[in-house]
Amino acid sequence: MKILVVGAGAVGGYFGGRLLEKGEDVTFLVREKRKKQLEATGLVIKSVHGDAVLQPSLITSGQQVEAYDVILLSMKAYHLEAAIADCVPYVGPQTMVVPLLNGISHVDKLVTAFDEKNVLGGLCFVESTLDSEGSIVQTSGIHDLVFGERIGEQTERVLKLAEVFDGTKSNFVLSENINRDMWHKYLFIATLAGVTTLFRSPIGPIREDSYGAATIKDTLQEVAAVMRSVDAPIAENIVELNWDKLHSIEAGMKSSMQRDMEKGLSVEADHFFGYLLGIAANKEISVPTLEKIYANLRIYDGQ
């Protein structure tokens with residue numbers, strides 16, 4: 001299969017790089033500045049799972065216009081509209097678009113831009129960032145990409161895609177219920193991102209402080225309440241499951257949103273929390289912790 005990875009940053013560069021390392025036909029759609037950087041240095045991965053220096057195929061928007069079999073979308077939510085416009089020439093009737101963005105609202109935008117059958121579900125768990133030289137630094141044991149048909153079936157095309165993804169130095173997992181998995185990831189990452197940006201701390205010190213731990217629990221409960229109000233397919237015990245998960249990950253774990261704040265970059269406040277607060281307001285659900293998290297991020301972005 002011909003794979004197009006939109007973006008060669010900390011997420012797309014990592015998973016696309018692992019596929020390229022395996023020998024798959026991978027091309028990266030990048031901006032001109034990133035293209036020049038990668039042409040000079042190669043795609044450099046520094047990972048606890050093994051380092052790699054790769055020479056990727058690179059295009060910029062409008063180059064080599066043809067349909068790809070698979071498109072991996074790995075940009076921040078605030079770049080989604082531009083990415084969709086860039087991708088239009090590369091999406092054909094059989095193209096599978098696999099989004100790796102956090103949250104859920106982007107799915108409707110992709111279905112509107114392309115076609116219902118083009119858009120699969122997807123998510124990832126990876127702690128990675130770009131260093132000052134543009135290398136991808138991946139630092140934790142978790143490096144999972146989960147994908148699947150949103151209709152919940154193991155179709156012929158998704159099974160073929162699983163074969164392509166198999167055998168890399170990262171975990172590509174075919175889900176039987178990607179819609180549930182995406183909502184579960186949303187709840188987990190909204191909590192992790194919310195509390196780590198609020199306290200400007202990795203998760204360890206937050207969960208060790210009694211008030212920090214209470215904030216984690218309040219965030220989990222408020223996000224779950226909002227999701228249940230729109231009949232999101234989340235597990236009955238999802239709060240307890242994520243509480244345990246947040247207490248089992250490495251103490252030094254930071255959210256990607258916190259890392260973006262540390263670099264002075266924009267954050268996905270509206271995509272993560274504005275969306276949830278919009279639902280809460282419509283359903284008249286009290287979410288004081290989410291309001292504080294959102295205010296913190298908006299004030300940061302406005303400075």
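Only a predicted model underlies this, so the values are computations on that prediction, with no experimental measurement involved.
- Side-chain contact of T129 with K263: a donor-acceptor pair under 3.5 Å is present, judged by distance alone.
- Between G121 and V98, the shortest heavy-atom contact is O-CG1, 4.1 Å.
- Interatomic distance, OG of S256 versus CD1 of I189, reported as 5.5 Å (0.5 Å rounding).
- Looking at every heavy atom in both residues, K217 comes nearest to V239 through CD-CG1, 4.2 Å.
- Residues I45 and D51 fail the side-chain proximity criterion, which asks for heavy atoms closer than 4.5 Å.
- Not counting sequence neighbours, the partners of E66 by the side chain to side chain donor-acceptor pair (under 3.5 Å) test are K2.
- G12 and F28 get closest at one heavy-atom pair: O-CE2, 3.6 Å.
- With no hydrogens or angles considered, a side-chain donor-acceptor pair links T155 and E149 at under 3.5 Å.
- The environment of CD in E32 is crowded: more than 12 heavy-atom neighbours from other residues, nucleotides or ligands sit within 6.0 Å.
- Residue S255 is tested with I203, L192, V195, T191 for a side-chain contact (heavy atoms from CB on, under 4.5 Å); the sole match is L192.
- For Y90 (side chain) and L4 (main-chain N/O), no donor-acceptor pair under 3.5 Å exists by modelled atom type.
- In this model, a donor atom of one side chain and an acceptor atom of the other lie less than 3.5 Å apart for D270 and Y294.
- By the criterion of side-chain heavy atoms lying less than 4.5 angstrom apart, applied directly or through intervening Ile, Leu, Val, Met, Phe, Trp or Tyr residues, V111 is grouped together with L123 in one hydrophobic cluster.
- Here the shortest heavy-atom pairing between C124 and F15 reads CB-CE1, 3.7 Å.
- Nearest approach of L80 to H106, heavy atoms of both residues: CD2-CB, 3.5 Å.
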Verdict with reasoning, Y14 to H143, per side-chain hydrogen bond (donor to acceptor under 3.5 Å, both in side chains): CA-CA 9 Å; Y14 182 74; H143 59 157; 2.7 Å; yes
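- By the 30° and 60° cut-offs, the orientation of the rings of F188 relative to F125 is perpendicular.
- Residues L38 and V44 form no side-chain contact, since every pair of their non-hydrogen atoms from C-beta on lies 4.5 Å or further apart.
- By the 4.5 Å heavy-atom criterion applied to side chains, D69 and T95 are not counted as neighbours.
- We find the CD1-NE2 distance between I142 and H49 to be 8.5 Å, quoted to the nearest 0.5 Å.
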Working for salt bridge (charged side-chain N to carboxylate O under 4.0 Å, His left out), residues K160 and E163: CA-CA 5 Å; K160 288 182 178 178; E163 291 179 6; over 6 Å; no
Verdict with reasoning, R150 to V107, per side-chain contact (heavy atoms from CB on, under 4.5 Å): CA-CA 10 Å; R150 291 184 298 114; V107 175; 4.0 Å; yes
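- With hydrogens and angles ignored, the 3.5 Å screen pairs no side-chain donor or acceptor of S74 with any backbone N or O of V11.
- The aromatic rings of F165 and F172 lie tilted to each other, with the angle between the two planes from 30° to 60°.
- Not a single donor-acceptor pair under 3.5 Å links the side chain of S175 to the backbone N or O of D181.
- Under the 4.0 Å criterion applied to side-chain N and carboxylate O atoms, R18 and E21 are assigned as salt-bridge partners.
- Environment of CD in E236: sparse, with no more than 12 heavy atoms of neighbouring residues, nucleotides or ligands closer than 6.0 Å.
- No side-chain heavy atom of V48 sits less than 4.5 Å from a side-chain heavy atom of S140.
- No path of Ile, Leu, Val, Met, Phe, Trp and Tyr side chains, each step under 4.5 Å between heavy atoms, connects M96 with L73, placing them in separate hydrophobic clusters.
- The main-chain N or O of K22 is never found under 3.5 Å from a side-chain atom of K169 such that the two would form a donor-acceptor pair.
- More than 12 heavy atoms of other shown residues, nucleotides or ligands fall within 6.0 angstrom of atom CD in Q63.
- Following chains of ILVMFWY side-chain contacts shorter than 4.5 Å, one can reach F272 starting from L110, so the two form part of one hydrophobic cluster.
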Residue pair L277, E291: steps toward the side-chain contact (heavy atoms from CB on, under 4.5 Å) verdict: CA-CA 7 Å; L277 286 168; E291 290 173 353; 3.8 Å; yes
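- Minimum heavy-atom separation, I136 to A8: CD1-O, 4.5 Å.
- Side chain to side chain, T219 and E222 fail the donor-acceptor criterion of an N or O pair below 3.5 Å.
- A distance of 6.0 Å separates OH in Y186 from CE in M227, rounded to the nearest 0.5 Å.
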side-chain contact (heavy atoms from CB on, under 4.5 Å) evaluation trace for L265 with K76: CA-CA 11 Å; L265 302 175; K76 297 292 186 181; over 6 Å; no
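- The side-chain heavy atoms of I71 and C87, taken from C-beta on, include a pair separated by under 4.5 Å.
- V26 is not listed as a side-chain neighbour of P56, based on a closest heavy-atom distance of 4.5 Å or more.
- Separating the CG atom in L43 from the CG atom in L54 is a distance of 5.5 Å, to the nearest 0.5 Å.
- Counting heavy atoms from C-beta on, the side chains of T27 and L58 never come closer than 4.5 Å.
- With rounding to the nearest 0.5 angstrom, the OH atom of Y68 is 11.0 Å from the CD1 atom of I3.
- Formation of a donor-acceptor pair under 3.5 Å by the K117 side chain with backbone atoms of P93 is found in this model.
- In this structure, E262 does not pair ionically with R200, as no charged nitrogen and carboxylate oxygen lie closer than 4.0 Å.
- Under the 3.5 Å distance criterion, with hydrogens and angles disregarded, a donor-acceptor pair is assigned to the side chains of S47 and Q138.
- Between the E268 side chain and the A77 main chain, a donor and an acceptor come within less than 3.5 Å of each other.
- Linking Ile, Leu, Val, Met, Phe, Trp and Tyr whenever their side-chain heavy atoms come within less than 4.5 Å puts F147 and V70 in one cluster.
- Panel note: side chain N118, backbone F114; no donor-acceptor pair is recorded below 3.5 Å.
- Using a 4.5 Å cut-off on side-chain heavy atoms (C-beta onward), K109 and E81 make contact.
- Here CG of L198 is found 6.5 Å from OG1 of T215. Values are rounded to the nearest 0.5 Å.
- The neighbour count for E240 CD, taken as heavy atoms of other residues, nucleotides or ligands under 6.0 Å away, is above 12.
- Between the side chain of E127 and the backbone N or O of K254, at least one donor-acceptor pair lies under 3.5 Å.
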Derivation of the side-chain contact (heavy atoms from CB on, under 4.5 Å) call for L29 and D86: CA-CA 9 Å; L29 176 61; D86 288 344; 4.1 Å; yes
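- Side-chain heavy atoms closer than 4.5 Å link hydrophobic residues (I, L, V, M, F, W, Y) into clusters, and following such links, even through other members, never connects L100 to L187.
- R31 CZ: 12 or fewer foreign heavy atoms inside a 6.0 Å radius.
- Put simply, the side chain of D131 gets close to the backbone of S135: a donor and an acceptor are under 3.5 Å apart.
- Under the 3.5 Å distance criterion, the side-chain polar atoms of R34 are left unmatched by any main-chain donor or acceptor of G9.
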